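Side chains are part of it too, since the values below use all heavy atoms of this structure and drop only hydrogens, waters and symmetry mates. Predicted model only: the values in this text are computed from it and were never measured. Throughout, numbering of the chain's residues begins at 1 and tracks the sequence.
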Amino acid sequence: MKDPICNIIGSSKPMQKVYELMSLVAPSNATVLIGGETGTGKELIARGIHETSARRGKTMVKVNCAALPSHLIESELFGYERGAFTGALERRAGKFELADKGIIFLDEIGELPLELQVKLLRVIQEREFERLGGKITIKVDVRIIAATNRDLLSEVGAGRFRSDLFHRLNVFPILLPPLRERWEDIPQLAHYFLARYNKAHSRNITGISANTMRQLTMYDWPGNVRELENMIERSALLSGGGVLNKVYLPDRKAPAATTLVEVEKQHILEIIRRCRGKIAGKGGAAELLDIPASTLNSKMKKLGITSRLAIE
């Protein structure tokens with residue numbers, strides 16, 4: 001599936017589940033909490049929900065809670081009156097006021113200081129607040145979408161995130177899968193990014209070689225889709241043209257105490273697990289490893305890999 005507005009790419013089963021949840025929640029006004037590792041595309045999902053909601057013609061205001069200094073977050077969210085503090089020379093509307101009738105996207109909500117969490121809780125509950133230094137209560141009609149790469153339930157247990165705020169935000173959770181769990185989408189993503197950077201950098205790369213694509217699908221992508229995008233851009237810039245025959249992946253050398261046999265065994269196990277236990281045929285481990293199924297079966301027997309072990 002590709003969302004033409006938000007460039008959401010992928011047709012794997014994990015992403016199909018995400019699309020299903022998006023389609024269910026978008027028409028409502030429910031608060032959404034998007035979770036997932038860094039680089040999985042949480043902002044794209046938020047924009048996708050916005051663009052398919054009844055508020056799509058209104059503003060979506062983004063606030064990166066991790067990027068704002070703690071002493072500025074309150075004034076950024078709620079605005080301030082003239083004279084509220086040194087340097088406040090005029091009245092300024094905050095992000096919630098600017099998002100009235102639309103959506104506010106609170107990115108990296110897990111980074112919000114505890115003292116501001118209680119003020120955010122009031123806005124979510126009552127949809128009202130006062131500007132910093134002001135006495136007039138301002139009411140807003142705003143939908144809230146929040147995102148985090150933290151496990152907020154664990155943060156609640158550690159006392160770093162308010163339990164009541166977590167439950168107010170966690171009305172409709174959507175958890176994005178890491179790229180290593182949706183590796184079937186890598187070819188489509190890679191070609192999409194290649195086309196983008198062909199155009200952006202005036203390159204004329206005609207495709208991606210089979211060997212290069214195997215490298216891309218076998219790498220675990222700790223930085224997720226963002227890392228893949230950066231890798232394709234860099235590789236496109238360094239390519240001389242024609243078919244992309246090389247990508248510049250980080251060197252992942254095995255520890256000295258690990259034998260080559262152990263490395264091979266773990267690699268085969270990882271590929272079989274990615275293929276959900278399928279050995280032969282299209283989408284099977286043998287195809288991904290680029291070896292005949294009979295050869296893979298022989299290697300499995302030699303390395304002591306059973307079907308049960310492979311899918312555990």
Side-chain angles (χ1 to χ4, degrees), residues 6 25-26 28-35 38 42-150 152 155-156 158-173:
C6 300
V25 77
S28 73
N29 281 315
T31 298
V32 180
L33 180 61
I34 305 171
T38 298
K42 296 184 285 293
E43 184 177 347
L44 279 180
I45 299 302
R47 292 196 177 279
I49 292 170
H50 174 235
E51 294 297 341
T52 52
S53 74
R55 297 174 185 251
R56 58 185 171 272
K58 304 298 182 180
T59 303
M60 174 174 153
V61 176
K62 177 186 175 181
V63 181
N64 188 334
C65 299
L68 289 173
S70 58
H71 65 283
L72 292 180
I73 293 178
E74 185 174 4
S75 60
E76 282 291 318
L77 289 177
F78 309 124
Y80 55 81
E81 296 288 347
R82 180 180 177 181
F85 51 84
T86 302
L89 302 179
E90 60 184 3
R91 173 187 290 173
R92 182 178 175 184
K95 301 297 187 184
F96 271 95
E97 205 169 338
L98 294 173
D100 189 30
K101 302 294 188 296
I103 289 176
I104 189 166
F105 175 49
L106 301 173
D107 199 9
E108 304 299 350
I109 190 68
E111 309 299 325
L112 196 68
L114 277 168
E115 62 269 20
L116 284 174
Q117 291 178 22
V118 66
K119 296 184 178 183
L120 177 60
L121 181 65
R122 180 198 168 193
V123 180
I124 295 175
Q125 290 175 328
E126 309 295 337
R127 293 300 196 269
E128 64 180 34
F129 58 91
E130 290 83 37
R131 298 190 192 102
L132 201 63
K135 297 180 180 179
I136 299 174
T137 298
I138 299 170
K139 291 186 175 290
V140 289
D141 171 17
V142 62
R143 183 179 186 181
I144 296 170
I145 301 178
T148 181
N149 60 10
R150 292 177 178 247
L152 288 190
E155 294 294 294
V156 169
R160 291 187 292 266
F161 202 84
R162 292 180 62 100
S163 174
D164 46 7
L165 178 57
F166 168 72
H167 291 298
R168 283 288 181 177
L169 292 171
N170 200 43
V171 175
F172 196 94

Note, Arg160 side chain near Leu114 side chain (heavy atom, < 4.5 Å): no
Test item: Ile144 and Arg168 side chains (from C-beta on) under 4.5 Å apart, heavy atoms: no
Nearest-0.5 Å distance, CG of residue Leu165 to CG of residue Leu152: 8.5 Å
Stepwise side-chain contact (heavy atoms from CB on, under 4.5 Å) test for Phe96 and Ile104: CA-CA 7 Å; Phe96 271 95; Ile104 189 166; 3.8 Å; yes
Test item: His50 side-chain N/O and Ala26 main-chain N/O as donor-acceptor pair under 3.5 Å: no
Evaluation steps, salt bridge (charged side-chain N to carboxylate O under 4.0 Å, His left out), between Arg55 and Asp141: CA-CA 11 Å; Arg55 297 174 185 251; Asp141 171 17; 2.8 Å; yes
Any Leu77 side-chain heavy atom under 4.5 Å of Leu106 side chain: yes
Qualifying residue, where the test is side chain to side chain contact (heavy atoms under 4.5 Å, CB included) with Phe129 and the options are Glu74, Lys139, Glu97: Glu97
Considering all heavy atoms, the nearest Ala46-Ile34 contact: N-CD1, 3.7 Å
NZ/NE/NH1/NH2 to OD/OE distance under 4.0 Å, Glu76 and Arg92: yes
NZ/NE/NH1/NH2 to OD/OE distance under 4.0 Å, Arg82 and Glu90: no
Whether over 12 other heavy atoms sit under 6.0 Å from Arg127 CZ: yes
Ile49 side chain reached by Val32 side chain, heavy atoms, under 4.5 Å: yes
Pair Arg131-Glu81, salt bridge (charged side-chain N to carboxylate O under 4.0 Å, His left out): steps then yes or no: CA-CA 6 Å; Arg131 298 190 192 102; Glu81 296 288 347; 2.8 Å; yes
More than 12 heavy atoms of other groups within 6.0 Å of Ile136 CD1: no
Side chain to side chain, Ile145 and Arg47, heavy atoms closer than 4.5 Å: no
Gln117 side, atom CD; Ser163 side, atom OG - distance, nearest 0.5 Å: 11.0 Å
Side-chain donor-acceptor pairs under 3.5 Å in residues 60-67, sequence neighbours left out?
unit_1	atom_1	unit_2	atom_2	d
Lys62	NZ	Glu43	OE1	2.8
Asn64	OD1	Ala66	N	3.0
Asn64	OD1	Ala67	N	3.4

Which residues share a side-chain hydrogen bond (donor to acceptor under 3.5 Å, both in side chains) with Arg122, sequence neighbours left out: Glu128, Glu130
For Phe166, ring pair (Phe, Tyr, Trp, His ring centres under 6.0 Å) partners two or more places apart: none
Partners meeting ring pair (Phe, Tyr, Trp, His ring centres under 6.0 Å) with Phe172 (sequence neighbours left out): none
Heavy-atom closest contact (Phe105 atom, Ala146 atom, distance): CE1-C, 4.3 Å
Closest contact, heavy atoms only, Gly35 versus Lys42: C-CD, 4.0 Å
Note, Asp164 side chain near Val118 side chain (heavy atom, < 4.5 Å): no
Any donor-acceptor pair under 3.5 Å from Arg143 side chain to Thr31 backbone: no
Set of residues satisfying ring pair (Phe, Tyr, Trp, His ring centres under 6.0 Å) with respect to Phe161, sequence neighbours excluded: none
Between CD1 on residue Ile109 and CG on residue Asn149, distance to nearest 0.5 Å: 12.0 Å
Qualifying side-chain hydrogen bond (donor to acceptor under 3.5 Å, both in side chains) pairs, either residue in residues 98-115, two or more places apart: Glu111-Arg150
Considering all heavy atoms, the nearest Leu33-Thr148 contact: CD1-CG2, 4.4 Å
Geometric class of the Tyr80/Phe85 ring pair [parallel <30°, tilted 30-60°, perpendicular >60°]: perpendicular
4.5 Å side-chain heavy-atom contact, Leu120 and Ile124: yes
